[in-house]
**Q** 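My questions all concern the structure below.
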Amino acid sequence: MGGWAIAVHGGAGVDPNLPKERQEEAKQLLTRCLNLGISALQSNLPAIDVVELVVSELETDPIFNSGRGSALTEKGTVEMEASIMDGPGRRCGAVSGITTVKNPISLARLVMEKSPHSYLAFSGAEEFARRQGVELVDNEYFITEDNVGMLKLAKEANSILFDYRIPTVGLGTCGAGAAATDSPLQMNGLPISVYAPETVGCVVVDREGRCAAGTSTGGLMNKMTGRIGDSPLIGAGTYACGGCGVSCTGEGEAIIRSTLAREVAAVMEYKGLGLQEAVDYVIKERLDEGKAGLIAVSSKGEVACGFNCTGMFRGCATEDGFMEVAIWE
């Protein structure tokens with residue numbers, strides 16, 4: 001075994017004009033979450049517990065698009081989704097359409113451990129949450145003033161906005177408020193704006209070589225009610241097995257088409273690639289026209305990341321003392 005390793009992400013596709021203070025806020029949150037995970041791993045907490053702990057922390061802070069601070073649907077509400085997977089036995093749990101559960105990642109884990117199913121959604125997931133006694137809040141808890149403003153901009157542009165964190169000042173210069181027809185990117189043939197969603201995720205391998213992964217998001221700003229992205233889909237946004245753990249972020253529809261997270265494990269298993277080689281391969285060969293990024297760990301204690309867009313909020317650490325928090329290449 002190569003010791004423990006951990007990586008976190010706060011989304012791929014970062015506005016190059018994002019103000020420095022917002023960049024620093026994001027990096028401080030990633031650093032705090034990394035340190036939380038490091039302390040847990042040093043205390044020999046299992047990988048699956050560390051993933052839930054770290055993603056819950058990310059969901060509680062409104063900086064990224066998960067839990068409090070989630071992107072708003074076309075109706076101005078929040079519909080969250082999350083998944084978690086434990087490499088040993090490839091157990092998994094996922095939820096979608098969550099509107100009142102404070103920490104969707106914890107509900108996903110309960111689906112894995114306390115239900116006979118792997119995936120619950122909308123009213124069924126909410127009813128399961130009530131039966132399990134998880135902490136519930138009003139939907140308004142998740143809605144922030146920033147997001148209300150960005151939804152208004154998205155509706156005025158008749159577009160889906162990927163990066164709802166672009167400040168309202170100077171939108172014309174960075175493009176988030178441009179008309180949908182001006183966008184060079186498309187999702188399923190329809191124009192979208194140029195920035196990617198700030199989904200959060202965490203991957204961990206512990207000292208026993210056990211890998212786990214978790215991903216959580218509010219989805220796309222101005223998304224259709226009922227839209228489900230890649231984050232709760234096992235094999236697309238999240239995957240963990242005996243060899244690795246992977247969490248993805250970016251253009252959900254492209255990630256779904258390419259089953260991106262599972263592809264990392266597959267090329268390691270079937271092509272014999274190392275972790276970073278596998279990450280580089282799937283980012284280059286499996287995304288077609290899509291823009292995305294991912295973080296990954298291996299059972300050997302390795303950590304890797306990759307993306308094909310402007311940047312990715314990310315951080316990683318290993319037991320041998322390596323630690324990095326970054327946004328750009």
Side-chain angles (χ1 to χ4, degrees), residues 7-37 54-72 78 80 141-154 156-157 159-178 183 185 192-202 215-223 231 247-252 291-295 305 307-316 323-329:
V8 296
H9 73 72
V14 184
D15 174 26
N17 299 310
L18 193 65
K20 292 291 185 182
E21 60 269 23
R22 293 202 176 213
Q23 294 183 37
E24 286 306 311
E25 287 174 357
K27 291 169 75 172
Q28 287 171 14
L29 174 57
L30 292 171
T31 302
R32 188 172 84 233
C33 289
L34 264 186
N35 285 328
L36 183 67
V54 171
V55 176
S56 293
E57 183 73 11
L58 288 162
E59 289 174 335
T60 303
D61 195 296
I63 286 181
F64 294 131
N65 174 17
S66 65
R68 185 165 179 262
S70 284
L72 305 182
V78 166
M80 300 167 291
Y141 163 83
F142 304 104
I143 299 173
T144 64
E145 185 178 345
D146 279 352
N147 287 356
V148 172
M150 290 309 298
L151 178 62
K152 181 176 182 291
L153 288 168
E156 289 172 352
S159 176
I160 294 169
L161 285 184
F162 264 23
D163 190 343
Y164 64 98
R165 280 284 171 263
I166 305 303
T168 54
V169 177
L171 274 171
T173 61
C174 61
S183 174
L185 298 181
I192 56 175
S193 67
V194 298
Y195 303 115
E198 295 171 346
T199 294
V200 306
C202 178
T215 313
S216 180
T217 190
L220 302 176
M221 183 64 71
N222 200 28
K223 66 181 180 181
S231 296
S247 175
C248 301
T249 174
E251 185 186 331
K291 299 294 183 182
L294 62 86
I295 54 173
C305 71
F307 52 94
N308 67 350
C309 42
T310 312
M312 181 169 72
F313 294 106
R314 64 198 187 276
C316 57
M323 183 173 175
E324 179 184 59
V325 174
I327 302 175
W328 316 109
E329 286 278 10

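Counting from 1, the numbers follow the sequence of the chain as shown. Worth knowing before you read on, the calculation uses all heavy atoms, side chains too, and leaves out hydrogens, waters and symmetry mates.
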**Q** Partners of E24 by side-chain contact (heavy atoms from CB on, under 4.5 Å), sequence neighbours excluded?
**A**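 With sequence neighbours excluded, E24 shows a side-chain contact (heavy atoms from CB on, under 4.5 Å) to K27, Q28, given in chain and number order.
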
**Q** Please check this pair: side chain of R314 against backbone of W328, looking for a donor-acceptor N/O pair closer than 3.5 Å.
**A**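 Here the side-chain-to-backbone pair exists.
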
**Q** Considering non-hydrogen atoms only, spot the tightest contact between A12 and T249 and give its length.
**A**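 Shortest heavy-atom contact: N-OG1, 3.2 Å.
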
**Q** Hey, are the side chains of M221 and N65 touching, using non-hydrogen atoms and a 4.5 Å cut-off?
**A**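 No. Closest side-chain heavy atoms not under 4.5 Å.
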
**Q** Would you name the heavy atoms of F307 and I327 that are closest together and state the gap between them?
**A**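 So the two residues come closest at CZ-O, 4.4 Å.
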
**Q** Please check if any side-chain donor atom of T199 sits under 3.5 Å from a side-chain acceptor atom of T217, or the reverse.
**A**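 The criterion, which ignores hydrogens and geometry beyond distance, is satisfied for T217 and T199.
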
**Q** Might you point out which heavy atoms bring G219 and A71 nearest each other, and give the distance in Å?
**A**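 Where G219 meets A71 most closely, the heavy atoms are O-CB, 3.5 Å.
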
**Q** Counting neighbours of CD on E21 that are heavy atoms of other residues, nucleotides or ligands and sit closer than 6.0 Å, is the number greater than 12?
**A**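 Correct, the count exceeds 12.
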
**Q** Ignoring hydrogens and geometry, is there a side-chain-to-backbone donor-acceptor pair from N147 to L72 under 3.5 Å?
**A**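 Checking the backbone N and O of L72 against the side chain of N147, no donor-acceptor pair under 3.5 Å is found.
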
**Q** Kindly indicate whether the side chain of R68, heavy atoms from C-beta on, has any atom under 4.5 Å from the side chain of T60.
**A**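 No, their side chains stay 4.5 Å or more apart.
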
**Q** What heavy-atom pair brings S247 and H9 nearest, and what distance separates the two atoms?
**A**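 Shortest heavy-atom contact: OG-NE2, 3.0 Å.
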
**Q** Do side-chain atoms of T215 reach the backbone of G201 as a donor and acceptor pair under 3.5 angstrom?
**A**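 No; judged by distance alone, with no hydrogens or angles, the pair does not exist.
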
